[in-house]
Amino acid sequence: QVYLKESGGRSVNSGESLRLSCTGSGTPFSTYQMGWFRQAPGKEREFVATLNWSGADTRYADSVKGRFTISRDNAKSTVYLQMNSLEPEDTAVYYCAATGLALVTTRLDEFSYWGQGTQVTVSA
């Protein structure tokens, strides 16, 4: 089992950048595929980005491709989400999640462990 805690969410203006962090504890962090998801008010939780245990294989939602970058530092048991050129449509609670699956997945239901989320608000 892995316990996850996100940080770094805050209010920013459109066009600004923000980096989210998610630190894991428990079972060795490097064994998990890690993902970021988000949920906007009144909407379902959606996939944002994911990467495999080494960080060599990544996937992004079309809406964030070219603006967001996911990375990880297994020595620090931390996964990051660098968000650039933020837009009001990026406003949401951002969650990190972990899965023991070896193959990279973007499916929300295949992630077993979740953090409590961090709020990102982007003003126009």
Side-chain angles (χ1 to χ4, degrees):
Q1 180 147 4
V2 62
Y3 301 92
L4 304 172
K5 182 170 178 58
E6 304 93 338
S7 62
R10 61 182 178 89
S11 295
V12 296
N13 293 319
S14 181
E16 293 184 345
S17 298
L18 200 58
R19 188 177 79 161
L20 304 182
S21 301
C22 172
T23 301
S25 60
T27 306
F29 184 80
S30 61
T31 64
Y32 291 96
Q33 177 185 165
M34 299 299 298
W36 285 97
F37 295 79
R38 66 185 182 185
Q39 188 166 16
K43 295 187 177 181
E44 293 185 352
R45 194 170 300 187
E46 65 177 7
F47 165 75
V48 175
T50 188
L51 81 173
N52 71 334
W53 70 274
S54 70
D57 192 358
T58 60
R59 301 284 191 277
Y60 294 94
D62 287 343
S63 59
V64 306
K65 202 171 293 184
R67 300 188 299 123
F68 291 11
T69 302
I70 188 171
S71 62
R72 67 190 298 163
D73 184 340
N74 287 334
K76 296 182 178 179
S77 298
T78 301
V79 62
Y80 304 98
L81 185 68
Q82 177 66 43
M83 305 186 294
N84 298 329
S85 302
L86 283 162
E87 305 167 351
E89 293 73 23
D90 296 316
T91 294
V93 177
Y94 283 72
Y95 299 88
C96 74
T99 175
L101 292 178
L103 293 178
V104 172
T105 179
T106 64
R107 292 182 51 151
L108 184 150
D109 62 354
E110 292 186 333
F111 284 79
S112 303
Y113 306 104
W114 293 82
Q116 293 189 336
T118 186
Q119 177 71 48
V120 173
T121 302
V122 184
S123 301

Kindly say whether [Y] contributes a backbone atom to a donor-acceptor pair with the side chain of [X] at under 3.5 angstrom?
X	Y	answer
S17	N84	no
E6	C22	no
T27	V2	no
R72	N52	yes

What is the minimum heavy-atom distance between [X] and [Y], and which atoms define it?
X	Y	answer
S14	A124	CB-CA, 4.1 Å
F68	V48	CD2-CG1, 3.8 Å
G35	F111	N-CE2, 3.7 Å
D90	S85	OD2-O, 4.4 Å
G8	L20	C-CD2, 3.6 Å
W36	S21	CH2-O, 3.7 Å

If you define the side chain from C-beta out and look only at heavy atoms, does anything of [X] sit under 4.5 Å from [Y]?
X	Y	value
T50	T58	no
T23	K76	no
V12	T121	no
V122	V120	yes
Y32	L101	no
Q119	R10	no

Exercise for review: Compute both the distance and the angle, then confirm whether R45 meets the cation-pi test with F37: under 6.0 Å from the six-membered ring centre, within 45 degrees of the axis.
Suggested key: no
Check your understanding: Just checking, R107 and F47: is the charged tip under 6.0 Å from the six-membered ring centre and within 45° of the axis?
Key -> no
Practice item. Could you please spell out the steps behind the side chain to side chain contact (heavy atoms under 4.5 Å, CB included) verdict for L108 and W114? Key: CA-CA 10 Å; L108 184 150; W114 293 82; 3.8 Å; yes
In the single-linkage hydrophobic clustering (I, L, V, M, F, W, Y; side-chain heavy atoms under 4.5 Å), do [X] and [Y] co-cluster?
X	Y	value
Y80	M83	no
Y60	M34	yes
Y113	V79	yes

Revision key, fill the gap. Rounded to the nearest 0.5 Å, the CD1 atom of I70 sits from the CG atom of L51 at a distance of 4.5 Å
Check your understanding: How many angstroms lie between OG in S123 and CD in E16, if you round to the nearest 0.5 Å?
Key -> 9.0 Å
Would you check if there is a donor-acceptor pair between the side chains of [Y] and [X] at a distance under 3.5 Å?
X	Y	value
T105	Q33	no
T78	D73	no
Y94	R38	yes

**Study point:** Enclosure of Q1 CD (heavy-atom neighbours >12, cutoff 6.0 Å)
**Key:** yes
Practice item. Could you please spell out the steps behind the side chain to side chain contact (heavy atoms under 4.5 Å, CB included) verdict for F29 and T31? Key: CA-CA 5 Å; F29 184 80; T31 64; over 6 Å; no
